[in-house]
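Structure record follows, encoded as structure tokens.
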Amino acid sequence: KVVELDPGSYGITRVLLVKPGAERVLETSRAMQPGELDQQHGHMSHDAPAAGGTSCAPTWVQPTADGRRLYIACNRHSEVLEVDAASLEVLRRIATGKTPYNLAISADGRTLVATLKGAQALSVIDLVSGKEVAQLQTSHTVPSGVQITPDGRYALVTCEGKAAEAGAVDLFDLGGRRLLSTVQVGAGAGGLQILRYEP
């Protein structure tokens, strides 16, 4: 489920069920009852089933800058949902590689990127066509966090690594669709933010 909260009261205002093929807004009085809970709740896999499974298992919601659209990563269904923020209607389904996890959108709203934990890659999506246009291999396993620079030229991706493998941060050129550089950091590298950027 995707749950909308009122930041003033911290109450639940709307709940969107994102079961593939059965997406709908739930009545808030029943939305979070135990019988309604997704059986996969809380279980994210690095090796999830291929597209066509029965669970979305959302891991990230990314709004556009104007707040009119939401993009939802379906970790277990290998797709990103484009949702109208006002109505919560699913507008488009965008197929990706295995296990999309975190999302970021360019400032101009034309490019969406998704880390693919199961494919060890960064998915690059053209939002004009609604198609995945590239999968760029990451330097280390388990790509996780992602950010796009304010000018839309680059994407930064954290890689958690597995077992004794080091974590890393990769720098991708989105225009050239290639990995430019990598720096190793502590194991389990997850979240990522850009504090200052000078082109």
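Neither Val80 nor Val83 shares a network with the other; the hydrophobic side chains, linked directly or stepwise wherever heavy atoms of I, L, V, M, F, W or Y lie under 4.5 Å apart, form separate groups for each. Taking hydrophobic clusters as Ile, Leu, Val, Met, Phe, Trp and Tyr residues chained together by side-chain heavy-atom distances below 4.5 Å, Ile125 shares a cluster with Trp60. A continuous path of hydrophobic side-chain contacts links Leu81 to Val25 [ILVMFWY only; heavy atoms under 4.5 Å]. Put simply, Leu156 and Leu122 are part of two different groups of oily side chains (I, L, V, M, F, W, Y) that touch within less than 4.5 Å, one to the next. Residue Leu91 is not grouped with residue Val128 when hydrophobic side chains (ILVMFWY) are merged at heavy-atom distances under 4.5 angstrom, including chains of intermediate members.
Between Arg69 and Asp84 there is a salt bridge, with a side-chain nitrogen of the basic residue lying less than 4.0 Å from a carboxylate oxygen of the acidic one.
The CG atom of Leu116 sits 9.0 Å away from atom CD of Gln137, with the distance rounded to the nearest 0.5 Å. Within the model, atoms CD of Glu27 and CZ of Arg14 stand 14.5 Å from one another, a figure rounded to the nearest 0.5 Å. To the nearest 0.5 Å, atoms CZ (Arg24) and CG (Leu17) are separated by 5.5 Å. With values rounded to the nearest 0.5 angstrom, Arg93 atom CZ is found 12.0 Å from Glu82 atom CD. One distance of note links CG of Leu103 with OH of Tyr71; it measures 10.5 Å at 0.5 Å rounding. Here the straight-line distance linking atom NZ of Lys19 with atom NE2 of His77 works out to 10.5 Å at 0.5 Å rounding.
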Practice task
Go through the steps for Tyr154 and Leu180 under the test side-chain contact (heavy atoms from CB on, under 4.5 Å), then give the verdict.
Solution key: CA-CA 9 Å; Tyr154 305 107; Leu180 292 177; 3.6 Å; yes

Practice task
With side-chain contact (heavy atoms from CB on, under 4.5 Å) as the test, would you mind laying out the steps for Leu136 and Arg177 before giving the verdict?
Solution key: CA-CA 7 Å; Leu136 310 177; Arg177 296 180 187 170; 3.9 Å; yes

Problem - Val146 vs Tyr101, side-chain contact (heavy atoms from CB on, under 4.5 Å): CA-CA, chis, key distance, verdict - result: CA-CA 9 Å; Val146 62; Tyr101 193 70; over 6 Å; no

Exercise for the section: Tell me, with the steps shown, if Asp151 and Tyr197 meet side-chain contact (heavy atoms from CB on, under 4.5 Å). Expected result: CA-CA 9 Å; Asp151 59 8; Tyr197 176 67; 2.7 Å; yes

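With a 4.5 Å cut-off on side-chain heavy atoms, Ile72 and Leu16 count as touching. In this structure the side chain of Gln120 reaches within 4.5 angstrom of the side chain of Thr138, judged on heavy atoms. Between Leu192 and Val157, every side-chain heavy-atom pair lies at or beyond the 4.5 Å cut-off. Between Ser144 and Asn102, the closest side-chain pair of non-hydrogen atoms falls below 4.5 Å. The side-chain heavy atoms of Ile12 and Leu5, taken from C-beta on, include a pair separated by under 4.5 Å. Looking at Leu127 and Ile94, their side chains come closer than 4.5 Å, going by heavy atoms from C-beta outward.
Closest approach of Ala104 to Gln62, counting heavy atoms only: CA-OE1, 4.1 Å. Of all the heavy atoms in Gly67 and Ala85, the pair that sits closest is O-CB, 3.2 Å. A pairwise comparison of heavy atoms in Ser78 and Pro100 identifies CA-CD, 3.8 Å as the closest pair.
A disulfide (SG to SG under 2.5 Å) check over residues 60-90, counting only residues at least two apart or in different chains, returns the pairs Cys56-Cys74.
In this structure, the side chain of Ser55 does not engage the main chain of Arg76 through any donor-acceptor pair within 3.5 Å. Between the Asn75 side chain and the Pro58 main chain, no donor and acceptor come within less than 3.5 Å of each other.
Applying the side-chain contact (heavy atoms from CB on, under 4.5 Å) criterion to Ala189, with sequence neighbours excluded, gives Thr158, Val185.
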Which donor-acceptor pairs under 3.5 Å do the side chains of residues 163-175 make with protein atoms, sequence neighbours left out?
residue	atom	partner	partner atom	Å
Glu165	OE1	Thr141	OG1	2.5
Glu165	OE1	Lys162	N	3.1
Glu165	OE2	Thr141	N	3.2
Asp170	OD1	Ser139	OG	2.6
Asp170	OD1	Thr182	OG1	2.9
Asp170	OD2	Ser139	N	2.8
Asp170	OD2	Ser139	OG	3.2
Asp173	OD1	Gly175	N	3.0
Asp173	OD1	Gly176	N	3.1

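With no hydrogens or angles considered, a side-chain donor-acceptor pair links Thr13 and Glu4 at under 3.5 Å.
By the 6.0 Å contact criterion, CZ on Arg92 is enclosed, its count of non-hydrogen atoms from other residues, nucleotides or ligands being greater than 12.
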